[in-house]
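Quick notes on the structure that follows.
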Amino acid sequence: QNNIQHLQTMTATTASSQPSTMGGGPSTSSSTAAGGPQSDPNSRYTFNDEALAALRKSSPWKDDPKYFTSAAISPSAVMKMMTHCHSGVEKGVKKGGNPIEVMGLLLGRPDPQTPHTLVVTDVFPLPIEGFETRVIADDGDVINHMIALGESLETTRKEKFMGWYHSHPFDVGIHSHCFLSQTDISTQLQWQRAEDPHGNPFLAIVVDPLRSLAKGHPELKAFRAYPPEYTNPIPNQCPDGSIINEEQLRLEKWGSCSSAYYELQVEYFMSTGARNVLSLLNRNFLWMRALGSTTMCEAEARGRYPERVEKVAQKIHKLEPLASSSLGGAGGGGGDGMPGGAMMLASRGRARGSGGGGGGRGGTGGNSTAMDEKKKPMGGSKTPSSSSEGVINPKEQDGATSDELSKACQEVVEITTEKLVGNIAQMTKKNLFSDIA
């Protein structure tokens, strides 16, 4: 059923003139990505041998670290990647542990018609199981398997191995887990050094299987690494081209090596025949599955929902005392601290009111550090800072607490939205079909 959802998503994206773009960047058609028209949906399945050989020989990507701008992936390649990555999740959970990272190889080529695009036509899973934040392929049996697979494909396929993929099956959060770790960068650089000079530019794809299950569409991104001698002239630029000055946020979204690689826009391509068949299935059969199923009610979503709620609740529980001390009793009565509603005020920039009641420990009549910081004496005396007295600056502490609280609130909003959308869908189906029975 998840595969059907992924197919429906790809059908919707390929049916329009704009391909699917991951990573938050603007959608760009293949014609804009490469400077040439790509009107024939079947053109990705064929290529001119002589033109491809000439492109491989010239290897213009050797002189431009950001030569490639997009990656076009076939439906079969996407489905095989998603199935393989989901199998790693199921295997790890069945063992009573965490989801397992998996890895595979990409088959494809650079496209002579749109030379700034890498085309992925097929993928092949490898017998590798990763751990924590990386997968490795240094086992002798795995290397022999890769050699044997490559030799067999040389006699049956015109394309070459031109990339690798692996999964990041981490818990669903605010941001996607599609990024390259330090180990991933090292692996990608080894491949690029070995293959790029010989006319075979190498690509890396990272799949977030748990987010794909939660969102109902393939969550994957394509990357290439910068050469070690390359220095990005734009400070704090992220792999997707955006500028994030906050180091912690940049680390959460793109990992510790965000300046060492860049993202390629992802598009899906589908032949006319495949699109017609899928359209026929949608019209005659698949619509019933869409009406008969709700993502919220699926076993995977139900199993992970309590964990997500518990983790967010733990975050808020840890932050509540900090928020209480920083907010004091702003706007509250003379109670023994901050009312629970002030938690939401904190996510909007901390409570602005100063009219508390009298005398409570968190009230305006007390000795709240945060209130003293906001209400400096008229005589000009300053609150001691961390630089002068070796203590934590209250303003800095307030800012950090507010940021963490804001992130926790975003997670609450995301979980709540999913639940509300699921409930609305269920009620709509009930109202539509209960009277029919």
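From a predicted model like this one, the values you see are computed outputs, not experimental measurements.
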(message) The criterion is side-chain contact (heavy atoms from CB on, under 4.5 Å); which residues satisfy it with I234, sequence neighbours excluded?
(response)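 I234 satisfies side-chain contact (heavy atoms from CB on, under 4.5 Å) with N232, Q237, I243 once adjacent residues are dropped.
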(request) Could you pull out all residues at least two apart from S152 that satisfy side-chain contact (heavy atoms from CB on, under 4.5 Å)? (result)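 Only L149 meet the side-chain contact (heavy atoms from CB on, under 4.5 Å) criterion with S152.
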Are any non-hydrogen side-chain atoms of [X] and [Y] less than 4.5 angstrom apart?
X    : Y    : result
Y305 : K419 : yes
L220 : I73  : yes
S256 : L251 : yes
Y268 : R44  : no
E252 : K407 : yes
S242 : I244 : yes

Verify whether one side chain among [X] and [Y] offers a donor that lies under 3.5 Å from an acceptor in the other.
X    : Y    : result
W164 : Q188 : yes
E101 : S167 : no
T121 : S74  : no

(message) Test: salt bridge (Lys or Arg N to Asp or Glu O under 4.0 Å). Region: residues 189-214. Which pairs qualify, not counting sequence neighbours?
(response)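 Listed once each, the pairs are D196-R224.
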Give the minimum heavy-atom separation between [X] and [Y], together with the two atoms involved.
X    : Y    : value
F68  : P115 : CE2-O, 3.4 Å
A408 : I316 : CB-CG1, 4.0 Å
H168 : V206 : ND1-CG1, 3.6 Å
R109 : S43  : NH2-O, 4.4 Å
C257 : I185 : CB-CG1, 4.0 Å

(message) Could you walk me through whether K160 and E154 satisfy the salt bridge (charged side-chain N to carboxylate O under 4.0 Å, His left out) test, starting with their C-alpha distance in whole Å, then the side-chain angles of each, then the deciding distance to 0.1 Å, before giving a yes or no?
(response) CA-CA 8 Å; K160 299 180 179 180; E154 285 181 357; over 6 Å; no
(message) Parallel, tilted or perpendicular: which one describes the rings of Y262 and Y226, with boundaries at 30° and 60°?
(response)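 Rings of Y262 and Y226: parallel, as their planes differ by under 30°.
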(message) Is the ring pair Y261/F223 parallel, tilted or perpendicular, if the boundaries are 30 and 60 degrees?
(response)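 Plane angle over 60°, so perpendicular.
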(message) Is it the case that atom CD in Q182 sees more than 12 heavy atoms from other parts of the structure closer than 6.0 Å?
(response)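 At most 12 heavy atoms, drawn from other residues, nucleotides or ligands, come within 6.0 Å of this atom.
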(request) Return yes when atom CG of N98 has more than 12 non-hydrogen atoms of other residues, nucleotides or ligands closer than 6.0 Å, and no otherwise. (result)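 At most 12 heavy atoms, drawn from other residues, nucleotides or ligands, come within 6.0 Å of this atom.
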(message) Would K80 pass as a cation-pi partner of F124, given that its NZ or CZ must be under 6.0 Å from the six-membered ring centre and within 45 degrees of the axis?
(response)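 K80 over F124 ring: yes.
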(message) Does this structure show an ion pair linking E411 with K315, if we count only N-O contacts that are shorter than 4.0 Å?
(response)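 Salt bridge present between E411 and K315.
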(message) If you apply the rule salt bridge (charged side-chain N to carboxylate O under 4.0 Å, His left out), what do you find for K253 with E246, and how did you get there?
(response) CA-CA 11 Å; K253 293 187 67 174; E246 185 182 347; over 6 Å; no
(message) With a 3.5 Å distance limit and no angle check, can you tell me whether S181 reaches the backbone of D184 through a side-chain donor-acceptor pair?
(response)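 Present.
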